[in-house]
There are 2 protein chains.
Amino acid sequence: MLSTVQVQSIKAKPVQRTCTNCNVRDICLPADMAQQNLPLMSQFITRTIHVKRGTRIFSAGQTLHSLYAVRLGVFKTRMMNEHHREQVTGFYMAGALIGADALASGRHTYDAIALEDGEVCELSYARIDAQTQSSPAFQAYLYRLMAHEINRLHHATLLLRDTAAVQRVVAFLFNLSDEFALRGYSHKSFLLRMTRNEMASYLGLSIETVSRILSRLQSMKLIQMQNRLIELLDIPELKKTMKGDDCQEN
Amino acid sequence: MLSTVQVQSIKAKPVQRTCTNCNVRDICLPADMAQQNLPLMSQFITRTIHVKRGTRIFSAGQTLHSLYAVRLGVFKTRMMNEHHREQVTGFYMAGALIGADALASGRHTYDAIALEDGEVCELSYARIDAQTQSSPAFQAYLYRLMAHEINRLHHATLLLRDTAAVQRVVAFLFNLSDEFALRGYSHKSFLLRMTRNEMASYLGLSIETVSRILSRLQSMKLIQMQNRLIELLDIPELKKTMKGDDCQEN
DNA sequence: CGTTAACTTGACGGCCCTCAAGAGAGGTGG
DNA sequence: CCACCTCTCTTGAGGGCCGTCAAGTTAACG
């Protein structure tokens, strides 16, 4: 399947790490902070945890012990609905914060699962709770990441509320494209880390619909697709599709 | 329309107010904090603002000056989609925090509008930014409210992703019911503050579908309806409806 | 090479959206 | 007080998008 499952014998070994020597710090931390407060930040990083593909960082219902900043890999969050079917509520790449919802009740409300082998930085809640006042920079960091999550969710609900299936899929591809670009990867050609099922679940569509739409986009020469490798061929036309030139909203 | 538009001559007058004598503080503030840190909290409240029905607290694109805690009334947040149609992304009652999304970029991403005459407490961003380290209680308060918003949005996306129209409407009624109960009002009988249009927009449905569903629920004796006054008649049966006994999800 | 999971493609039907028109409520002016 | 206007809401008819069901194809891996 994914070719990343290989020399994975040296895993699950916690590594003491600081933000200073972290290669994703420019994404993870706001620019002004990355330069000034790296040592300060690092005291909140309990450790770096290796997470194997398919395993959980935390589960719904667990009491909050830590927040997690993604260092490497892609993660999904999910909830189960009444029919015990998985509902994917988000995908998270390097620099994202996972688990902040639990700051309300003290319990996590969803599962966080690695889509591929990855690493997360553990931000101890005890330290956050006890020491934030000594580090305004860290507060700002947390506020910013939480606000970012609120933004993402607002836009997600907007997408789910009033756009046709094609528009959702294309918007999703552009979202991924932006995320990759932000991290220095190509924005025109990238590898999907999630299954069609997870993608469909996130978009509120059936897997067949997603598959059909991707096929159609390919036959229209708007994208090129080989399994999970996606290439955006005609970005202007794709953007027109996303805007919904045929005006079929609610 | 709403009979609340009347003796509205003494409005828009900022009132110096403290949390200590606020009658919604038990909803607004976490319990442990309400007892200990009221004086501390109050220093962040710049003023209380009266907001007239239909007017905005802030608009999308505006730079962030303050966050707002709802003191009285009901507010909606909305964004405009590509076709310049309103998309309602949330309803907020007393104790809710509005505007936290702007902590990410420094700009508001949606409009916040009063559905009826109300009051909000202005939390100056300048003071938040400069002084939070001196007040861990206030930090906890903000984290909690933001986390609460994240939770709400997660559940909103879940609802939009995989539930039929009836289930969305009923879930919405129960949400309102819970909110009213939390504030000491009847959970079985309450007045909708939003138009059918706003409700439909929030639920990702057309206004006709919402209207039809409410009519059907009434003809099934599950609810009683007179204009915007809703009474939940058969709560157990409604809950069964919401759970989706006919198994029609994505 | 066999098994399993992931993905694609087709046929069909139902939910819900669109279009359209009418009913009800609230406000205003004569 | 009633006519009139406007906004909101309801109800009906028809059609299209997308979900379900089903079967076949491809990829991954031992």
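Small disclaimer: the values here were computed from a predicted structure and weren't measured. Residue numbers begin at 1 in each chain, while the letters A, B, ... track the order of the sequences.
- Taking the side chain of B:Met225 as heavy atoms from C-beta on, and the options C:dT8, D:dG19, D:dT10, the nearest nucleotide is D:dT10.
- A:Ser211 comes within 4.0 angstrom of a base, heavy atoms only.
- One finds no salt bridge joining B:Glu82 and A:Lys243 here, because no Lys/Arg side-chain nitrogen approaches an Asp/Glu carboxylate oxygen to under 4.0 Å.
- Counting distance only, with no hydrogens placed and no angle test, the side-chain atoms of A:Arg216 and the base atoms of C:dT8 include no donor-acceptor pair under 3.5 Å.
- What separates CD of B:Glu208 from C1' of D:dC9 is a distance of 10 Å, to the nearest Å.
- Checking C:dT8, D:dC9, D:dT11 against the side-chain heavy atoms of B:Arg228 singles out D:dC9 as nearest.
- In this entry the distance linking CE of A:Met194 with C1' of C:dA6 reads 15 Å, nearest Å.
- OP1 or OP2 of D:dT11 lies within a sub-4.0 Å distance of a side-chain N or O belonging to B:Ser215.
- Proximity of B:Arg196 to the phosphate of D:dT10: a side-chain N or O atom is located under 4.0 Å from OP1 or OP2.
- Contact of the B:Phe174 side chain with the B:Leu232 side chain is registered, since non-hydrogen atoms from C-beta on lie closer than 4.5 Å.
- Rounded to whole angstrom, the span from the CD atom of A:Gln226 across to the P atom of D:dT26 amounts to 13 Å.
- Rounded to whole Å, atom P of C:dT9 lies 8 Å from atom CD of A:Gln218.
- Taking atom CG of A:Asp162 as the reference point, atom P of C:dC16 lies 17 Å away to the nearest angstrom.
- Here the P atom of nucleotide C:dA20 and the CD1 atom of B:Ile207 are 17 Å apart, to the nearest Å.
- The side chain of B:Thr209 contributes an N or O atom lying less than 4.0 Å from OP1 or OP2 of C:dC17.
- Residue A:Thr195 places its side chain closer to C:dC7 than to any other of C:dC16, C:dC7, D:dA13.
- Ion pairing between A:Glu116 and A:Arg193 holds under the 4.0 Å rule for side-chain N and carboxylate O.
- A straight line from NE2 of A:His83 to P of D:dG19 spans 15 Å, rounded to a whole angstrom.
- One N or O donor and one acceptor, one from the side chain of B:Arg212 and one from the base of D:dG12, sit under 3.5 Å apart.
- The six-membered or imidazole ring of B:Phe91 lies near that of B:Tyr202, with a centre-to-centre distance under 6.0 Å.
- Residues B:Glu208 and B:Arg212 are not paired through a salt bridge, judged by the lack of any N-O separation under 4.0 Å between the basic side chain and the carboxylate.
- We find that CZ of A:Arg168 is positioned 8 Å from P of D:dG19, with the value rounded to whole Å.
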